[in-house]
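Small disclaimer: the values here were computed from a predicted structure and weren't measured. Below, read A as the first sequence line, B as the second, and so on, with proteins coming before strands; counting in each chain starts at 1. Only heavy atoms go into these numbers, but all of them, side chains included; no hydrogens, no water, no symmetry mates.
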Protein chains: 2
Amino acid sequence: MIPRTAGAFPVTVDVVALTVRDGALHVLLVERLLDPFRGARALPGGFVLPGESLEQAATRELAEETGVTAPASAATGEATRSGRATAVGQPEWHLEQLRTYGPQDRDPRGPVLSVAYLLLAPAFGLPEAGGDAAAAGWFPVPARDLAFDHDRILADGVERARAKLEYSPLATAFCHEEFTVAELRHVYEAVWGTHLDARNFHRKATGTPGFLEPTGHVTTDGPGRPAELYRLVPGVSPTAAVLHPPILRPAERSA
Amino acid sequence: MIPRTAGAFPVTVDVVALTVRDGALHVLLVERLLDPFRGARALPGGFVLPGESLEQAATRELAEETGVTAPASAATGEATRSGRATAVGQPEWHLEQLRTYGPQDRDPRGPVLSVAYLLLAPAFGLPEAGGDAAAAGWFPVPARDLAFDHDRILADGVERARAKLEYSPLATAFCHEEFTVAELRHVYEAVWGTHLDARNFHRKATGTPGFLEPTGHVTTDGPGRPAELYRLVPGVSPTAAVLHPPILRPAERSA
DNA sequence: CCAAAAGTGTTCGACTTACACCCATGG
DNA sequence: CCATGGGTGTAAGTCGAACACTTTTGG
């Protein structure tokens, strides 16, 4: 039924896993144990196996290479799968398709198609490396000299994350379930690399409908007045929902 | 070198080709001559051949099934290929990757990966059908009961186009090289399905930096004062550039 | 009491909107 | 001259930026 002239291509998934640590954006990278690019750093990823969906392949490769796993019981949206990592910090995930690269001129072994995914998570520890990779770790963005065309894929993933912070509740994907407005603001500042006015941000974030819901709890960390804790309004998808009005980055409005 | 457990997947490209005709958004559809879904309407597309890039496959399938061709001499951006159709109206094209679907549960013949592309062009006539398709034609959006998962792909493409009109010069891709402000406004109105105030739109469009450049020419079509002709500022990519401030659709600002 | 962080009120300027008004052409 | 569409001026409302100010904790 499928024409004989049609090519069949090996397909890989590569995951741009981003988090905010120490006030800066970090990406999850592995060191390659096998050729090609042995010893180089790369995005976690690998070949899609027969019978798998792309998202299944992405979560499987992430588990094999970095030890981060998500149970199959996770709630799943249209283009988004959310899970809870059973590894260390038990953070929630948000996985979103980025774009597809190839198949020509990106792998020395021959034509390979790669479907890139963007994963956003709060900071958590890395349990172990495994599979075809060693020394999984968080590296500050931008990272350089990655294997294959991963420099470009990383740049595309970071740009997507930056853009989506503006008009979606995506920033909450970098926070734990309950968070303060200041923690949320630190996410915006880290991803955009800008400084935001704490007062105006507080009013804007709490005033945007469909975004933040107070939990009634407070934190008393460090000096200063205790902050109220918020969560994303239940039922709202951090990757699919749209904020009105948007949270614009300062440079945006230089007309 | 590539592990034997890795699957190899047939890969197709499907093109969501949009244009504005008679004040409404239309999509280019073909009638399938072969099973599966023989006789059903579908997006133009087909299998990627060995040695091809995804964009090459997209333009080849478009040419085979609809007769619309673009020369290889076209200027090419990062994720965007622009061409000039040699068919009838000689319009410029803008091709942009949409997203990837599959490989499971979308083709009765088995797992098939499909990379969807979004093509935007000014209205032009369709020369002929060919290849595995007949009766290529423009159909009003939304279209229903398309083959495979093409209903969803079309919906994703239309939503992408609607969103990108706001913050990119994408609307100019639906116009010929020189166009009036009213023609540009009709594009926004057709894609969004809204009415815009002609006076305010004129000021906004001509006042946004990096968007419109007067050519010095005028049109004298029909009654009324002749309109000045504009073009997109040279060197600006309709798909990649960002407008500041954006052209927001009216419903957007209901806070 | 003081430092520090959370949260509120207020002012100013930029932008959106609605619409009055003028301009230039065909019939 | 008048209908039609192109283009500009202007005033009211809305929103974000900047920042003074109050609140609530720890030392």
Could you state the [atom1]-[atom2] distance from [X] to [N], rounded to the nearest angstrom?
{"X": "A/L184", "N": "C/dA6", "atom1": "CG", "atom2": "C1'", "result": "15 Å"}
{"X": "A/R225", "N": "D/dT24", "atom1": "CZ", "atom2": "C1'", "result": "6 Å"}
{"X": "A/D221", "N": "C/dA4", "atom1": "CG", "atom2": "P", "result": "17 Å"}
{"X": "A/H244", "N": "D/dC15", "atom1": "NE2", "atom2": "C1'", "result": "16 Å"}
{"X": "A/R199", "N": "D/dT22", "atom1": "CZ", "atom2": "C1'", "result": "12 Å"}
{"X": "A/H217", "N": "C/dA6", "atom1": "NE2", "atom2": "P", "result": "19 Å"}
{"X": "A/F201", "N": "D/dA18", "atom1": "CZ", "atom2": "C1'", "result": "17 Å"}
{"X": "B/D197", "N": "C/dC15", "atom1": "CG", "atom2": "P", "result": "18 Å"}

Classify the nucleic acid contact of B/A182 as base, sugar-phosphate or nothing, counting any heavy atom under 4.0 Å across all strands shown. sugar-phosphate

Taking N and O atoms by type only, does the side chain of B/R203 place a donor or acceptor under 3.5 Å from a partner on the base of D/dG9? yes

Per the atom types in the model, does the base of D/dG6 pair as donor or acceptor with the side chain of B/R185 at under 3.5 Å? no

Report yes or no: is the cationic atom of B/R41 (NZ for Lys, CZ for Arg) closer than 6.0 Å to the six-membered ring centre of B/F139, at no more than 45° off its axis? yes

Pi-cation contact, A/F201 with A/R199 (under 6.0 Å, within 45°): no

Tell me the ring-ring contact (aromatic ring centres under 6.0 Å, His included) pairs involving residues 204-237 of chain A, sequence neighbours left out? none

Closest-nucleotide ordering on DNA chain D, the 5'-leading residue of A/N200 and A/T220: A/N200

Nearest-nucleotide wise, let me know which of B/G224 and B/T206 is further upstream toward the 5' end of DNA chain D. B/G224

Between A/H202 and C/dG7, does any side-chain N or O lie under 4.0 Å from OP1 or OP2? yes

With B/L18 as partner, the option from B/V20, B/V16, B/V15 fulfilling side chain to side chain contact (heavy atoms under 4.5 Å, CB included) is B/V16

Please report the closest heavy-atom contact between A/A143 and A/V27, naming both atoms and the distance. CB-CG1, 4.5 Å

